[in-house]
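The chains referred to below are lettered A, B, ... by the order of the sequence lines, with proteins before strands, and numbering in each begins at 1. For clarity, every value in this text was computed on a predicted model and none was experimentally measured.
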Amino acid sequence: MAKQDKQFVKEITPQSEDFSRWYIDVLQKAEWMDYAPVRGCIVIRPDAYEIWERCQRELDREFKRTGHRNAYFPLFIPESFFEKEKEHVEGFNPELPWVTEAGGDILEERLAVRPTSETMFGHMYAQWIQSYRDLPLLLNQWANVVRWEKRTLPFLRTSEFLWQEGHTAHATEEEAREETMRMLGIYADFVESFLAIPVIRGQKTPSEKFAGAVETYTIESLMKDGRALQTATSHYLGQNFAKSFEIQYLDRDNQLKYVYTTSWGMSTRILGAIVMVHGDDRGLVLPPKLAPTQVVIVPIGPAKAREAVVAKARDLFEALQRAGVRVHMDDRDDVSPGWKFNEYELRGVPIRIEIGPRDLEASQAMFARRDTGEKFAVPLDGAVERVQALLSDIQRDMFDAAKRRLEENSHVAESLQQLVDLIQTKRGFVLAGWCGDEACERAVKDACTATSRCIPFHPPAHPETCVTCGKPAKHAVWFAKSY
RNA sequence: CGGAAUGUAGCUCAGGUGGUAGAGCGCACGGUUCGGGACCGUGAGGUCGCAGGUUCGAGUCCUGUCAUUCCGACCA
């Protein structure tokens, strides 16, 4: 059996056999999560949480760079707040958990556990904003939110999840629109350059937009099973919440005016995307920029040879550390090399370096790439530079591979029948013309369960007619089965 | 929230027609090993998801409930 084909880690269902089971298997075997004893809730275990922390750090830096500050708003939101914005309450009511009793008393007003915080920010902004001099107000919070979903899936859709939600208020529509697009850009850049996941940027159709938004913008990614995942959204809220919560400011002309607000968020859902975009039958595959451990060194050899091998391995370990590489050395002698190989592959470490007696003689080390499985000898002299170059190669190659997969699984449909065929036989993204009528959009879903993912900013084609009704198309829309 | 399936050791699972709980892997200890999940020996580990019921007796039968998975309706 060829090495590449061998099933190295038992107990992981192959992707080709059952993608959903593969996903759950990997998450559990790699110790990213475990189920908690509450419906739809998981524990995010340290390895996964560390990934989230690294995402937080990157994003937070970008938020700060663009003038935002962090704050923390309450977990509980009075029921009356929701009723102020009609569309908002209708959108979220079905999934709100309520606190009705506390301290042994029935509460006078029920408190919702926040599903998102537009209303709470709105309430506070109304008090803090008086003058045009108070604008723009640019805040973000890192928080947990709860949405009582009917159907849950680890990371992608859990009852409680972690995210950041940015909430900004601006004097003008133009400024708020700029902010909306700026943050979408920050998300897209982060996901593509840091996570090596290519995205499609676009606008949500009215039926898919955030409850209470004027417009919702999104980045969409393609999972390995051909389903789409919304990885972040940015909302232009216009004056909807400003009017519901009386967020007004006195302008230079001494006129009282409503502000324009935005909100934007990215959640721990992104961890699921990392798994589903890059993972393979051996487990996780982490892009080097994200990976907490970029290189693992495994010294090999029986007791006699071991001392010299470990010494040489340690030299390399220290040299890599000095060069700023996140490197781990596993010199445990109670675990076999083969076991270690499988373990670090399962956990997605980008590069493995093996050093054994044979390498010592040749003054070299064996390198193994996690993304391609390639194995090759590298002279110890210059190994540090080679690692650095390889890390950026892997980062680029992983993105390119995912990008290629996205392109190969993106098609254009001229008719509803063709769209349905593509979705049913190939999955992936299918571009089609749309007249703008919600019924036509709905017809696609009824025909094949694919939903409109977005109206892309840069469509690869411009269909002239609506895929459902045949009238002139107003937009090109990406349809896909989605998570 | 509807339909289907599953729930026995940390993991994968076995336990006809009811009779008091097993294997492999993992774990602990000792020894031998080390280039793709090494081997030998000894040992620890179980309210059989939970709650009722039937029975002299329930992992096994009945009812309910909780959780997970898959398929639908709703969603970051």
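The side chain to side chain donor-acceptor pair (under 3.5 Å) analysis of residues 180-199 of chain A, with sequence neighbours excluded, yields the pairs A/Gln164-A/Tyr187, A/Glu179-A/Arg182, A/Glu192-A/Arg201.
Here A/Pro299 lies out of heavy-atom contact (under 4.0 Å) with every strand. Nucleic acid contact class of A/Met266 (heavy atoms, under 4.0 Å, all strands): none. Residue contacts for A/Arg332: at a heavy-atom cut-off of 4.0 Å it reaches no nucleic acid atom on any strand shown. Within the 4.0 angstrom heavy-atom criterion, base atoms lie near A/Pro357. Contacts of A/Gly265 with the nucleic acid, taken as non-hydrogen atoms under 4.0 Å apart, are absent. Residue A/Gly40 is classed as a sugar-phosphate contact, given heavy-atom separations below 4.0 Å to backbone atoms only.
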Could you encode protein contacts along nucleotides 70-76 of chain B as a string, one character per nucleotide from 5' to 3', using B for base contact, S for sugar-phosphate-only contact and - for no contact, with a heavy-atom cut-off of under 4.0 Å?
-> SBBBSBB
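The P atoms of B/A4 and B/A28 are separated by 44 Å, rounded to the nearest whole Å. Rounded to a whole angstrom, the distance from the C1' atom of B/G10 to that of B/A44 is 13 Å.
Here the closest heavy-atom approach between residue A/Leu346 and residue A/Ile12 is recorded as CD1-CD1, 3.6 Å.
For the pair A/Lys340 and A/Asp333, both in contact range of RNA chain B, the more 5′-proximal nearest nucleotide belongs to A/Asp333.
The side chain of A/Tyr344 places no N or O atom within less than 4.0 Å of a non-bridging phosphate oxygen (OP1 or OP2) of B/G36.
Here B/U33 sits opposite no nucleotide as a Watson-Crick or G-U wobble pair (both hydrogen-bonding atom distances under 3.5 Å).
Side-chain to base pairing of A/Lys375 with B/G35: no donor and acceptor N or O lie closer than 3.5 Å to each other.
Listed nucleotides: B/G36, B/A67, B/C11. Nearest to the side chain of A/Arg39: B/A67.
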